[in-house]
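Notes follow once the structure below has been shown.
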Amino acid sequence: MRRVSPKLQSWLNNLNNITIPTLLENGFKPTPINAREGLANLTKAFITDVQNVARITDDIVKNDEYDVPIRIYNPVPEHPLPILIFCHGGGHMSGSVTVYDPICRKLANATQHIVVSIEYRLAPECRYPAGINDAYAVTKNIYDTLDNAGIQYISTLSLIGDSGGGAMVATVAAKAQFDDLVSINKQILIYPSLDYTMSCPSIEQNAEGYLLQKDKIAWYFDHYFHKVDNRKKASPLHCNFTCNLPNTLVFTAEFCPLRDEGMQYVQKVLDNGGYAEHIHFSDMIHTFLNMENLVPEECNSVYRSITTFLHQSDYQKTTAN
């Protein structure tokens, strides 16, 4: 029998039975402002353990289309480390480097990677594919940026993102399959949004009651895409899969509307000769990594699994199943 973790049930009950009805009674209307405030407030309330990182600096990745702001988290600046580029979640409309700062700090310290968090352009002010272009520009030009900043690094680059950020990571990885100038070692997708057609069964099964709801997903997508955009073509789940995709780790949550997209993506990677690992949380909801105070063990498990995956040797990663 499916059952949400008791750690989350009380909070969900309050959200569904008090908070949302009260907002609706008072004429609540979704806007980019309250979408951004909602994710920011949730994260600030439930991630209160903000770790120190040895060196944190802000920089700009130069690009012809748009100069992309980044924040660099370097846990051991006196030694070269591999690079982990982070794309935050938020439905392509909300989230920011600042909102996800505590998560990036934990990633840097846990993985012993230089974490590069991207302040990509958001919808509806900058619709598809602006944010994707920003993420790809950072992936392609990060070595030059680190060189100019005098930061030591190992030329091994991996990508990570949650939710809409996971969509961006998977899209960048799909494009990089056919770009000899971009080499991505691994990609990590945390409850990723991978099917803009919203066709997977979990969209309906988990449509309401678990924080991220079907109608809100549709609202995000309507503000992300232009009317003429081909949403299926833009979906990472429906992109070309080859054995040149980076080794992949996908996290899914049982009570997430995006659950089946992540599962299907893993299977497609494997079916096309790639390597993929899948970790499923049978009692979690979408966005649980931003709710660490409620589910600390589960969040710690995510960071440990990411670290293990990133530090697998080439032999291990190509022979494991």
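Starting from 1, each residue takes its place in the sequence as its number.
- Side-chain contact between Asn206 and His286 is absent, with no heavy atoms from C-beta onward closer than 4.5 Å.
- Among residues two or more places apart in sequence or in another chain, the ring pair (Phe, Tyr, Trp, His ring centres under 6.0 Å) test is passed with Tyr265 by Phe241.
- Looking at every heavy atom in both residues, Ile142 comes nearest to Thr139 through CG2-O, 3.9 Å.
- The closest donor-acceptor contact from the side chain of Lys175 to the backbone of Tyr136 lies at 3.5 Å or more, if one exists at all.
- The two atoms that bring Asp260 and Cys200 nearest to each other are CB-CB, 3.8 Å, heavy atoms only.
- Side chain of Asp162 to main chain of Gly89: a donor-acceptor pair is present (N/O by atom type, distance under 3.5 Å, no hydrogens or angles).
- Using a 4.5 Å heavy-atom cutoff, the side chains of Tyr275 and Val269 are not in contact.
- Residue pairs meeting the side-chain hydrogen bond (donor to acceptor under 3.5 Å, both in side chains) criterion with at least one partner in residues 84-93, sequence neighbours excluded, are His88-Tyr120, His92-Tyr196.
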Margin query: Between Phe281 and Ile279, is the side chain to side chain contact (heavy atoms under 4.5 Å, CB included) condition met? List the steps.
Written below: CA-CA 7 Å; Phe281 287 84; Ile279 296 176; 4.0 Å; yes
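- Among all heavy-atom pairs drawn from Ser96 and Val99, the shortest one is OG-N, 3.0 Å.
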Cut-off 3.5 Å, no hydrogens considered: what does the side-chain donor-acceptor table look like for residues 73-83, sequence neighbours left out?
unit_1: Tyr73; atom_1: OH; unit_2: Asp101; atom_2: OD1; d: 2.6
unit_1: Asn74; atom_1: OD1; unit_2: Val76; atom_2: N; d: 3.3

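- Tyr191 places a side-chain N or O within donor-acceptor distance of the main-chain N or O of Leu289, the cut-off being under 3.5 Å.
- Within the 4.5 Å cutoff, side-chain heavy atoms of Lys214 are placed close to those of Glu204.
- When all heavy atoms of Arg105 and Gln51 are compared, the closest pair comes out as NH1-O, 2.9 Å.
- The aromatic rings of Trp219 and His223 sit tilted, their planes meeting at an angle between 30° and 60°.
- With hydrogens and angles disregarded, no donor-acceptor distance shorter than 3.5 Å links the side chain of Thr111 to the backbone of Thr307.
- Not one N or O on the side chain of Asp144 forms a donor-acceptor pair closer than 3.5 Å with the backbone of Asn141.
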Next item on the list: Begin from the C-alpha positions of Cys256 and Met284 and carry the test side chain to side chain contact (heavy atoms under 4.5 Å, CB included) through to its verdict.
Entry: CA-CA 8 Å; Cys256 171; Met284 289 290 104; over 6 Å; no
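- With sequence neighbours excluded, no residue forms a side-chain hydrogen bond (donor to acceptor under 3.5 Å, both in side chains) with Asn16.
- Applying the side-chain hydrogen bond (donor to acceptor under 3.5 Å, both in side chains) criterion to Asn148, with sequence neighbours excluded, gives no partner residue.
- Ring-plane geometry between His113 and His311 is classed as perpendicular, the angle between the planes exceeding 60 degrees on a 0 to 90 degree scale with a lower cut at 30.
- At least one donor-acceptor pair under 3.5 Å links the side chain of Lys268 to the backbone N or O of Leu237.
- Geometric assessment of Arg121 against the ring of Tyr66 yields a positive cation-pi assignment under the 6.0 Å and 45° thresholds.
- Using modelled atom types, one side-chain atom of Arg36 and one backbone atom of Met93 make a donor-acceptor pair closer than 3.5 Å.
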Margin query: As a quick check of understanding, evaluate side-chain hydrogen bond (donor to acceptor under 3.5 Å, both in side chains) for Gln267 and Asp271, giving each step before the final call.
Written below: CA-CA 6 Å; Gln267 193 58 52; Asp271 289 345; 2.9 Å; yes
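- Annotation: side chain of Asn133 is not in contact with side chain of Asn63 (no heavy-atom distance under 4.5 Å).
- Between Ser94 and Leu122, the shortest heavy-atom distance links the atoms O-CD2, 4.0 Å.
- Between the side chain of Arg127 and the backbone N or O of Phe225 there is at least one donor-acceptor pair closer than 3.5 Å.
- Below 30°, between 30° and 60°, or above 60°: for Tyr143 and Tyr153 the angle between ring planes is below 30°, a parallel geometry.
- Counted within 6.0 Å of CG on Asn52, heavy atoms from surrounding residues, nucleotides or ligands total 12 or fewer; the atom is thus considered open.
- Between Gly262 and Leu194 the shortest heavy-atom distance is CA-CD1, 4.0 Å.
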Checklist line | Full working for side-chain hydrogen bond (donor to acceptor under 3.5 Å, both in side chains) between Asn290 and Thr287 | finding: CA-CA 6 Å; Asn290 297 61; Thr287 320; 5.6 Å; no
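- Remark: the backbone N or O of Ala174 is paired with a side-chain donor or acceptor of Gln177 at under 3.5 angstrom.
- With Ser305 contributing its side chain and Ser301 its backbone, the two residues share a donor-acceptor pair below 3.5 Å.
- Other residues sharing the hydrophobic cluster of Phe28, ordered by chain and number and joined by side-chain separations under 4.5 Å: Leu23.
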